[in-house]
Every structure is written in C-alpha cells, then in structure tokens.
Amino acid sequence: MIDLRLLREDPELIRASQRLRGESTDLVDALLRADEERRAATQRFEALRAEQNSLSKQVPRASGDEKAALLARTKELAGEVKAAAAATSAADDTLRQAQLAVPNIVQDGVPPGGEDDFVVLREVGDRPVIENPKDHLEIGEALKAIDTERGAKVSGSRFYFLTGVGALLQLGMLQMAINQAVEHGFTPSITPSMVKPESMEGTGFLGAHASEVYRLEADDLYLVGTSEVALAAYHASEILDLEAGPMRYAGWSSCYRREAGSYGKDVRGILRVHQFDKVEMFSFCKPEQAAEEHQKLLAMEEEMLAKVEIPYRVIDVAAGDLGSSATRKFDCEAWVPSQERYREVTSTSNCTTFQARRLNIRYRDADGKPQTAATLNGTLATTRWLIPILENHQQPDGSVRVPKALQPYLGGRDVFEPAR
RNA sequence: GGAGGACUCGCCUAGUGGCCGAUGGCGCCGGUCUUGAAAACCGGUAUGGGGAAACUCAUCGUGGGUUCGAAUCCCACGUCCUCCGCCA
C-alpha cells in the first residue's frame with residue numbers, strides 16, 4: 001500500500017510512477033477521491049459520536065423531565081451514529097480497495113517499459129563450449145536424477161520426481177544456500193507452506209496474481225508460492241527493533257504455483273513446475289537502508305551462483321514488469337546451453353514500505369516513534385537451478401561435473417556418472 | 001470429534017453497565033542522591049485516525065448484537081490450556 005500522506009502531498013510523483021509502469025493514472029485520482037471521502041465521513045461520524053458521548057455522560061446525573069428529554073435525544077442520536085459509522089466503514093473499505101489497486105512507486109533509475117525493456121547490468125562467467133548440448137531432462141534421465149514421466153503419472157503435468165543424485169543434488173544445494181545465509185547472519189527458517197488468507201493478502205499475492213495461487217477451499221488456506229509470504233507475515237503487526245541493523249531470514253520451503261495461463265510454455269523438464277523447493281532471503285530494515293540492503297541480497301545471490309559455477313547475467317527489471325510490491329527488482333539469469341539463452345534463476349525485490357504497510361510492520365525511529373519498516377526479498381537457490389547446473393557442467397561422455405563448492409555437500413563426489 | 005477453562009496496555013495483574021484508555025507490580029526511560037554504580041526516592045512510559053490548533057474519535061482476542069451508554073451483558077468465530085475419544 002502506498003503512503004496516503006505522500007499521496008496527498010505529491011500525487012504527481014505517483015502519477016509519474018504509474019506512467020513508467022505503463023499503468024493508468026486514473027487509479028491515483030480514484031485513490032485521492034476515496035481518501036477525501038473517507039476523511040469527510042470520519043469527521044461526520046466523529047462529531048456525532050462526540051455529542052453522543054457527552055450527552056450519555058449527563059444521563060446518570062439528570063432526573064425527571066430533564067432526563068426524559070436527554071434520553072429522547074440520545075436515542076435519536078444512537079440511530080444517527082449507527083448510520084454514520086456504517087458510512088465510515090464503507091468509506092474505509094472503498095479507500096482500502098483503491099489503495100490496494102495502486103502499485104509501489106518505481107525507484108529512480110528503473111528502466112521504463114515492459115518485460116523486454118530490462119537493462120543488462122553485467123554478464124559474469126564464461127559460457128562453456130559444448131557441442132550439441134543435451135538439455136537438463138535428457139541429462140537428468142540418464143543420471144536417473146529427474147523423472148517427469150512418473151511425476152505426470154502420479155500427479156499430472158508439471159510434476160516430477162527427483163531421485164538418486166537428483167535428490168541429493170537439490171538437498172546439497174539448498175543446504176549450501178542455508179549455510180551461506182547463516183554465515184552472513186541470516187536466521188535460517190523452515191516456514192509453513194500453508195497460510196491464512198490475510199497472510200497471502202498482506203504480502204500482495206492475491207492481487208494480480210491470484211490465479212497463480214492454490215487455495216484449499218475446505219480449510220480456507222493457501223499454498224504459498226514462496227516462503228516470502230510466511231516470512232513477511234512472520235512479523236506482521238509487530239514493532240521491530242532495527243537499531244542493530246536489518247533483521248534477516250533465510251526461509252526453506254516447498255513452493256506451489258498453479259502456472260495458470262502458461263499452457264504449452266516451458267513444458268519440458270523442470271523449468272516451470274507446480275511444486276519446487278527454495279531457499280529465500282527476507283530482510284526487514286529501515287527505509288533509508290533498503291537500497292543498500294537490496295545490493296546485499298543481490299551480492300548473496302551472485303555469491304551462490306559463483307559457487308555453482310554458472311555463467312549468468314544480472315538484469316535491472318523494467319518498470320512495467322516489477323509486480324505491484326517492488327520499487328526495483330534485479331534478476332539473475334543463468335545461461336542454459338540447450339536453449340542458448342539466459343533464464344531467470346533468482347529475483348530480488350525492494351518493496352520499501354509497501355508490503356510492510358499492509359502487514360503493519362514497524363520499527364522505532366530515533367525519536368522512539370513507530371514508523372513503517374521496509375522489506376526486501378531475494379532467491380538464494382531453487383529447484384530450477386538444477387537446470388543450469390546439469391547443463392553447464394555436462395561432459396561429452398554424459399557425466400556431469402560437480403562444482404567444487406558443492407562437493408562437500410555430496411559426500412565429496414566430483415562427478416555424476418550416467419546410470420547403467 | 002466431544003466436555004470444560006482462559007484471552008485486558010512489553011510481562012504479570014485490578015476491573016461484573018456510566019466516575020475506565022483502563023488499577024497495581026515488574027521491566028524500560030529520565031531525574032535526585034553518589035567519585036562511579038547499586039539501593040532509595042521523584043517523574044514518565046500503548047497504538048492508530050481526524051484537525052492549523054485547542055481538541056476529538058477509535059481500540060480491553062476478532063466480528064456482530066442488546067443499551068441513551070459495554071472491558072463489563074448476549075451470540076458467533078479465533079487462539080491457547082486441561083480432560084475424554086480417535087489417529088500417528
């Protein structure tokens with residue numbers, strides 16, 4: 001949610017941001033109107049309520065005719081107050097809806113435009129020279145590491161089994177991610193993968209992407225698409241102590257995505273699946289620290305990518321592709337030899353106070369006054385990483401070299417041989 | 001699944017229809033005293049909204065209801081605890 005004070009002071013700032021995103025400025029004007037109306041409704045209600053309170057106080061002291069007159073008036077007032085209260089709460093709802101409709105303000109420097117208008121910040125690592133590269137599924141099947149056929153048999157399309165070295169590789173990689181996070185002072189966390197509607201709503205995943213989310217009707221719960229949801233909601237309605245610096249978490253969870261509307265897209269292998277595992281970083285900090293923290297999360301991602309020895313590039317995502325909560329977003333895209341292109345493997349977003357405002361997450365400023373905190377998130381490793389790991393390290397004989405940093409997590413193995 | 005009990009300001013607690021945004025203790029912050037500290041004493045110590053301000057409104061798990069008036073009465077829900085049953 002946008003800060004309403006900022007909206008009142010400088011609506012043009014928000015209109016400009018909307019234009020950068022390629023979205024309508026009407027939403028901003030609707031929000032301004034809703035804000036205006038809510039304040040008017042509030043004032044009407046409060047005037048009536050104040051009168052009611054003061055007359056009510058006189059009732060016990062009055063007697064006889066005076067009391068009867070007072071009661072008659074207060075009785076009448078009670079009805080008016082009730083009506084005014086209803087109008088106020090309707091105005092509150094309208095305001096909230098209008099506020100939810102306006103995305104975060106785009107940070108200065110974000111490239112304008114849509115999905116294809118990102119700016120490449122850097123390319124890191126040398127792409128391996130591989131003749132007729134096999135894709136990850138072919139490699140994974142040969143290693144008996146990935147089984148999408150049985151995934152489909154058991155659960156349907158976009159499901160898979162990781163078996164043998166595939167299972168070990170994923171566990172090792174995620175363990176390595178957790179260890180790195182711990183080294184950097186993050187609190188390792190294993191989080192619920194089912195959450196209440198308000199947690200889902202609070203993190204902003206029930207907006208434009210509601211159709212991406214699995215809902216458990218019978219229990220009124222949602223399956224999370226990332227542990228960001230649980231980690232963000234973890235401190236909901238709390239006042240955090242951020243004096244010692246940002247509070248950082250690394251959440252390990254399974255993630256669930258419906259992938260509605262992506263029929264026929266990336267259907268082969270495990271690039272786009274309904275369920276995967278992920279270690280996600282999440283930071284709570286003061287707003288003035290957020291941009292620096294964003295760089296820190298990006299550096300964490302790059303450190304992981306270096307450890308698995310994958311060539312990648314970092315992109316500065318364009319305004320129109322930011323999603324509603326982010327003010328800026330950097331993706332790391334790994335080189336996928338079989339596709340001869342880069343594919344997203346991490347994403348880190350600076351949500352400034354946008355998400356925390358919804359979730360009512362605050363800290364105390366130098367004057368001891370509560371202020372809305374900033375939140376940021378970023379990917380440290382996911383199942384999808386297995387794709388560039390397998391493909392970039394494939395050998396002509398069908399084996400796969402294990403990156404050095406990963407070897408300790410795999411009992412010292414330095415190569416995966418195809419199963420006989 | 002069934003039967004009970006509880007939910008108040010960081011923590012513990014008082015409060016059974018108007019004088020309660022709410023008592024007291026602990027903790028915390030500031031001050032006095034002290035070479036310094038402790039102790040003692042004094043003062044302060046929820047959050048949000050509206051308003052230029054004076055001020056005002058809301059919040060006692062959540063949402064409804066009764067009433068001129070609700071922390072207090074009624075209903076529903078949630079969470080936690082105890083017991084019984086059932087399943088790991």
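A, B, ... follow the sequence lines: proteins, then strands. Residue 1 opens every chain. Atom set for the values below is all heavy atoms of this structure, side chains included, hydrogens, waters and symmetry mates excluded.
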Practice task
Measure the shortest side-chain to side-chain distance between A:V336 and A:I387 over non-hydrogen atoms and say whether it is less than 4.5 angstrom.
Solution key: yes
Practice task
Could you tell me whether the phosphate oxygens of B:G69, OP1 or OP2, come under 4.0 Å of any side-chain nitrogen or oxygen in A:N53?
Solution key: no
Handout entry: Of the listed nucleotides B:G51, B:G18, B:G49, the one nearest the side chain of A:P60
Key = B:G18
Practice task
Please state whether the phosphate of B:A58, meaning OP1 or OP2, lies under 4.0 angstrom from any side-chain nitrogen or oxygen of A:R49.
Solution key: yes
Problem - Selected nucleotide, minimal atom distance to A:E46 side chain, candidates B:U66, B:G50, B:U47 - result: B:G50
Exercise for the section: Would you classify A:E76 as touching base, sugar-phosphate or nothing, given that sugar-phosphate means primed atoms plus P, OP1 and OP2, and contacts are heavy atoms under 4.0 Å? Expected result: nothing
Practice task
Say whether A:Q52 and A:R49, considering side chains only, have a donor N or O and an acceptor N or O under 3.5 Å apart.
Solution key: yes
Exercise for the section: Using the P atom as the reference point in each nucleotide, state the distance between B:U72 and B:G65 in Å, no decimals. Expected result: 14 Å
Exercise for the section: Using a 4.0 Å heavy-atom cut-off across all strands, classify A:R8 as base, sugar-phosphate, or nothing. Expected result: sugar-phosphate
Practice task
Given ring pair (Phe, Tyr, Trp, His ring centres under 6.0 Å), test A:F159 with A:F161 step by step and report yes or no.
Solution key: CA-CA 7 Å; A:F159 284 95; A:F161 284 74; 9.7 Å; no
Practice task
Check whether any side-chain N or O of A:R5 sits under 4.0 Å from OP1 or OP2 of B:G50, and answer yes or no.
Solution key: yes
Practice task
Report the distance from atom CG of A:L48 to atom C1' of B:C57, rounded to the nearest whole Å.
Solution key: 12 Å
Handout entry: Phosphate OP1/OP2 of B:C57: any A:Q43 side-chain N/O under 4.0 Å
Key = no
Exercise for the section: Name the nucleic acid region contacted by A:K75, choosing base, sugar-phosphate or nothing; use a 4.0 angstrom heavy-atom cut-off, strictly under. Expected result: sugar-phosphate
Problem - Spacing between A:D92 atom CG and B:G50 atom P, to the nearest angstrom - result: 11 Å
Handout entry: Sugar-phosphate, base or nothing in reach of A:R357, heavy atoms under 4.0 Å
Key = nothing
Practice task
Provide the distance between the two C1' atoms, one in B:C68 and one in B:U45, to the nearest whole Å.
Solution key: 36 Å
Fill in the blank from the handout: With the side chain defined as heavy atoms from C-beta on, A:R362 is closest, among B:U47, B:G49, B:C57, to B:U47
Practice task
Check whether any side-chain N or O of A:K82 sits under 4.0 Å from OP1 or OP2 of B:U66, and answer yes or no.
Solution key: yes
Problem - Distance between C1' atoms of B:U8 and B:G21 (Å, rounded) - result: 11 Å
Problem - Distance test, side-chain N/O of A:R44 to OP1/OP2 of B:G50, below 4.0 Å - result: no
Problem - Candidates A:H235, A:E228, A:E280 - the one meeting side-chain hydrogen bond (donor to acceptor under 3.5 Å, both in side chains) with A:Y249 - result: A:H235
Problem - Interatomic distance at C1', B:C33 relative to B:G43, whole Å - result: 15 Å
Handout entry: Closest to the A:I239 side chain, choosing from B:G69, B:G49, B:U47
Key = B:U47
Practice task
Among the candidates B:G50, B:C68, B:A58, find the nucleotide nearest to the side-chain atoms of A:A78.
Solution key: B:C68
Problem - A:R39 side-chain N/O to B:G51 phosphate OP1/OP2 under 4.0 Å - result: yes
Practice task
Among the candidates B:A46, B:C57, B:C68, find the nucleotide nearest to the side-chain atoms of A:T74.
Solution key: B:C68
Exercise for the section: Say whether A:N179 and A:Q175, considering side chains only, have a donor N or O and an acceptor N or O under 3.5 Å apart. Expected result: yes
Problem - Backbone of A:E391 reached by a side-chain donor or acceptor of A:Q394 within 3.5 Å - result: yes
Handout entry: Closest listed nucleotide, where the reference is the side chain of A:P370 and the choices are B:G18, B:U47, B:C57
Key = B:U47
